[in-house]
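This report concerns only the one structure given below.
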Amino acid sequence: MSSPNSSPTAQGNHKQYEHILFEVRGKVGLVTLNRPKALNALCDDLFKELNEVMARFDEDEQVGAIVLTGSEKAFAAGADIKEMRNTNYLGNLRNNLLGHWTKITTVRKPIIAAVNGFALGGGCELAMMCDIIYAGEKAKFGQPEIKLGTIPGVGGTQRLIKAVGKSKAMEMLLTGTWMMNAEEAERAGLVSKVFPVDQVVNEAVKTAEIIASYSQPMVQMAKEAVNQSFELPLASGLLFERRLFHSTFGTNDQREGMGAFVEKRDPKFTNS
């Protein structure tokens with residue numbers, strides 16, 4: 001993988017990242033967690049770097065979608081326990097511990113998690129913050145926080161139940177021992193597709209390329225509408241969707257897309 005400074009988003013910026021690698025492949029931003037000795041354990045500094053890179057891709061008009069991955073051994077094997085073990089309640093409350101760990105959910109562009117190996121604790125939660133999850137055939141998902149005398153802190157009790165249902169989520173959360181393998185995760189709806197280990201990142205990039213080929217405003221509207229479905233009652237969600245649909249008719253891309261369909265040609269979107 002090329003260095004951070006090879007990315008168009010990094011021109012003129014010579015900052016070196018300690019825990020993150022990234023590059024641009026066509027219209028796709030590829031971000032790799034890079035703490036191999038710690039199985040990509042998630043620490044505060046890693047998230048500061050991740051948030052910075054994601055924000056830059058979100059603002060880069062040449063990037064239409066993002067892929068987030070780790071190593072073949074671990075997407076992320078959990079939070080860095082050594083970093084937080086000696087913190088205390090008042091300090092965590094005052095500093096809003098983990099507060100910025102969910103910032104990638106505010107990224108407007110679609111994010112595909114390409115998961116190999118362990119996605120445990122915060123690693124599973126990070127994958128669930130993404131919009132699509134692809135898994136390598138040896139991937140394992142779990143929430144073992146109960147074994148550490150605590151509970152998930154960045155969405156494990158909230159997003160997991162929406163993905164796999166109450167019973168499976170409760171079993172994973174309350175036993176701390178059950179790790180869902182890739183096939184189980186696909187059947188349960190946690191992941192979209194399963195691929196051989198050496199193909200999952202490339203397959204995620206291929207899907208991201210398809211997404212990035214469409215009108216970026218439309219892609220972002222679709223993502224926003226789906227995310228709102230988790231927050232709004234059905235009637236309010238349907239109205240929100242319909243108003244966004246109406247708004248697309250004020251764009252050049254809607255006219256181009258429908259015109260190309262009628263004229264039986266490929267559309268040329270201009271993101272306008």
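This is a predicted model, so every value here is computed, not measured.
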Quick one: do Glu203 and Lys206 satisfy salt bridge (Lys or Arg N to Asp or Glu O under 4.0 Å)? Show the steps, please. CA-CA 5 Å; Glu203 291 296 334; Lys206 287 180 184 178; 3.5 Å; yes

Using the rule given for salt bridge (Lys or Arg N to Asp or Glu O under 4.0 Å), can you reason through Glu241 versus Arg243, listing the C-alpha separation, both sets of side-chain angles and the distance that settles it, and then say yes or no? CA-CA 6 Å; Glu241 176 191 69; Arg243 291 293 182 256; over 6 Å; no

Should Ile133 and Ile112 be marked as a side-chain contact (heavy atoms from CB on, under 4.5 Å) after you check the CA-CA gap, both sets of side-chain angles, and the distance that decides it? CA-CA 6 Å; Ile133 304 177; Ile112 302 176; over 6 Å; no

Derivation and outcome, side-chain contact (heavy atoms from CB on, under 4.5 Å), residues Leu173 and Leu160: CA-CA 9 Å; Leu173 291 162; Leu160 187 61; 4.3 Å; yes

For Gln143 and Glu125, what are the C-alpha separation, side-chain angles and deciding distance, and is it a side-chain contact (heavy atoms from CB on, under 4.5 Å)? CA-CA 8 Å; Gln143 298 285 168; Glu125 292 170 301; 3.5 Å; yes

Would Ser192 and Tyr134 count as a side-chain hydrogen bond (donor to acceptor under 3.5 Å, both in side chains) if you check the C-alpha gap in whole Å, the side-chain angles of each, and the deciding distance to 0.1 Å? CA-CA 6 Å; Ser192 295; Tyr134 281 0; over 6 Å; no

I'd like to know whether Asn51 forms a side-chain hydrogen bond (donor to acceptor under 3.5 Å, both in side chains) with Trp101, so could you lay out the CA-CA distance, the side-chain angles of the two residues, the decisive distance to 0.1 Å, and finally the verdict. CA-CA 8 Å; Asn51 290 338; Trp101 284 32; over 6 Å; no

Does the pair Thr105 and Arg159 meet the rule for a side-chain contact (heavy atoms from CB on, under 4.5 Å), with working shown? CA-CA 12 Å; Thr105 61; Arg159 293 189 177 91; 3.5 Å; yes

Salt bridge (Lys or Arg N to Asp or Glu O under 4.0 Å) between Glu171 and Lys166: does it pass, once the steps are laid out? CA-CA 9 Å; Glu171 183 178 7; Lys166 179 181 177 181; over 6 Å; no

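You'll find the side chain of Val31 stays beyond 4.5 Å of the side chain of Val67, heavy atoms only. Residues Ile211 and Ile132 have side chains in contact (heavy-atom distance under 4.5 Å, counting atoms from C-beta outward). Residues Gln254 and Ser215 have side chains not in contact (no heavy-atom distance under 4.5 Å, counting atoms from C-beta outward). Side-chain contact between Met221 and Phe245 is absent, with no heavy-atom pair separated by less than 4.5 Å. The shortest distance between side-chain heavy atoms of Leu33 and Thr69 does not fall below 4.5 Å. The closest side-chain heavy-atom distance from Glu184 to Trp178 is below 4.5 Å. Between Leu232 and Leu238 the shortest side-chain heavy-atom distance does not fall below 4.5 Å. Between Val191 and Val115, every side-chain heavy-atom pair lies at or beyond the 4.5 Å cut-off.
You'll find the ring centres of Phe118 and Phe75 outside the 6.0 Å limit.
The neighbour count for Lys223 NZ, taken as heavy atoms of other residues, nucleotides or ligands under 6.0 Å away, is above 12. Atom OH of Tyr89 is surrounded by 12 or fewer heavy atoms from other residues, nucleotides or ligands within 6.0 Å. For Tyr214, the OH atom counts as loosely surrounded, since its 6.0 Å shell holds 12 or fewer non-hydrogen atoms of other residues, nucleotides or ligands. By the 6.0 Å contact criterion, CG on Leu239 is enclosed, its count of non-hydrogen atoms from other residues, nucleotides or ligands being greater than 12. Annotation: Glu83, atom CD; neighbour count of heavy atoms from other residues, nucleotides and ligands within 6.0 Å is above 12. Other residues, nucleotides and ligands place no more than 12 heavy atoms under 6.0 Å from the CZ atom of Arg94. Open room surrounds CG on Asp266; 12 or fewer heavy atoms of other groups in view lie less than 6.0 Å from it.
Counting all heavy atoms, side chain and backbone alike, Pro110 lies closest to Val219 at CG-CG1, 3.2 Å. Residue Met172 comes nearest to Phe141 through the heavy atom pair CE-O, 3.8 Å, listed as atom of the first residue, atom of the second, then distance. What you find for Ala41 and Arg35 is that their closest heavy atoms are O-NH1, 2.8 Å. The shortest non-hydrogen separation linking Val194 to Glu186 is CG2-OE1, 3.6 Å. Met218 and Thr248 get closest at one heavy-atom pair: SD-CG2, 3.5 Å. The two residues Gly121 and Pro144 have their closest heavy-atom pair at N-CD, 3.5 Å.
The pair Lys48-Glu52 does not meet the salt-bridge criterion, since no charged nitrogen lies less than 4.0 angstrom from a carboxylate oxygen. Under a 4.0 Å N-O distance rule, the pair Lys109/Glu59 does not qualify as a salt bridge. Between Glu145 and Lys147 there is no salt bridge, since none of the side-chain N atoms of the basic residue sits less than 4.0 Å from a carboxylate O of the acidic one.
Under the 3.5 Å distance criterion, the side-chain polar atoms of Arg25 are left unmatched by any main-chain donor or acceptor of Val205. Panel note: side chain Glu256, backbone Lys268; a donor-acceptor pair is recorded below 3.5 Å. The closest donor-acceptor contact from the side chain of Asp80 to the backbone of Lys82 lies under 3.5 Å. Judged by distance alone, with hydrogens and angles left aside, the side-chain atoms of Gln216 form a donor-acceptor pair with the main-chain N or O of Glu61 at under 3.5 Å. Side-chain atoms of Asn116 come within 3.5 Å of backbone atoms of Val197 as a donor-acceptor pair (strictly under, hydrogens ignored). One N or O on the side chain of Asn95 and one on the backbone of Gly91 form a donor-acceptor pair closer than 3.5 Å.
Note that SG of Cys124 is 5.5 Å distant from CG of Leu190, once rounded to the nearest 0.5 Å. Going from atom OG of Ser213 over to atom NZ of Lys27 covers 7.0 Å, rounded to the nearest 0.5 Å. Taken from CD1 in Ile111 to CG in Asp131, the straight-line distance is 6.0 Å, to the nearest 0.5 Å. With rounding to the nearest 0.5 Å, the separation of CG in Asp44 from NE2 in His19 is 10.0 Å. The distance from atom OG1 of Thr32 to atom CG of Asn40, rounded to the nearest 0.5 Å, is 9.0 Å. The distance from the CG atom of Asn252 to the CG atom of Asn271 is 10.5 Å, given to the nearest 0.5 Å.
In this structure, Leu46 is a member of the same hydrophobic cluster as Phe57, with clusters built from ILVMFWY side-chain heavy atoms closer than 4.5 Å. In this structure, Ile161 is not a member of the same hydrophobic cluster as Met128, with clusters built from ILVMFWY side-chain heavy atoms closer than 4.5 Å. In the hydrophobic cluster analysis, where Ile, Leu, Val, Met, Phe, Trp and Tyr join through side-chain heavy atoms closer than 4.5 angstrom, Leu98 is grouped apart from Leu120. Hydrophobic cluster membership is shared by Ile210 and Val28, with clusters built from Ile, Leu, Val, Met, Phe, Trp and Tyr side chains linked at under 4.5 angstrom. When hydrophobic clusters are built by joining Ile, Leu, Val, Met, Phe, Trp and Tyr residues whose side-chain heavy atoms come closer than 4.5 Å, directly or via intermediates, Leu68 is grouped together with Met129.
Note on ring orientation: taking the six-membered ring where Trp is involved, the planes of Phe47 and His100 are perpendicular (angle over 60°, cut-offs 30° and 60°).
Tested against Leu90 for a side-chain contact (heavy atoms from CB on, under 4.5 Å), the candidates Asn88, Thr87, Asn92 yield a single pass: Asn88.
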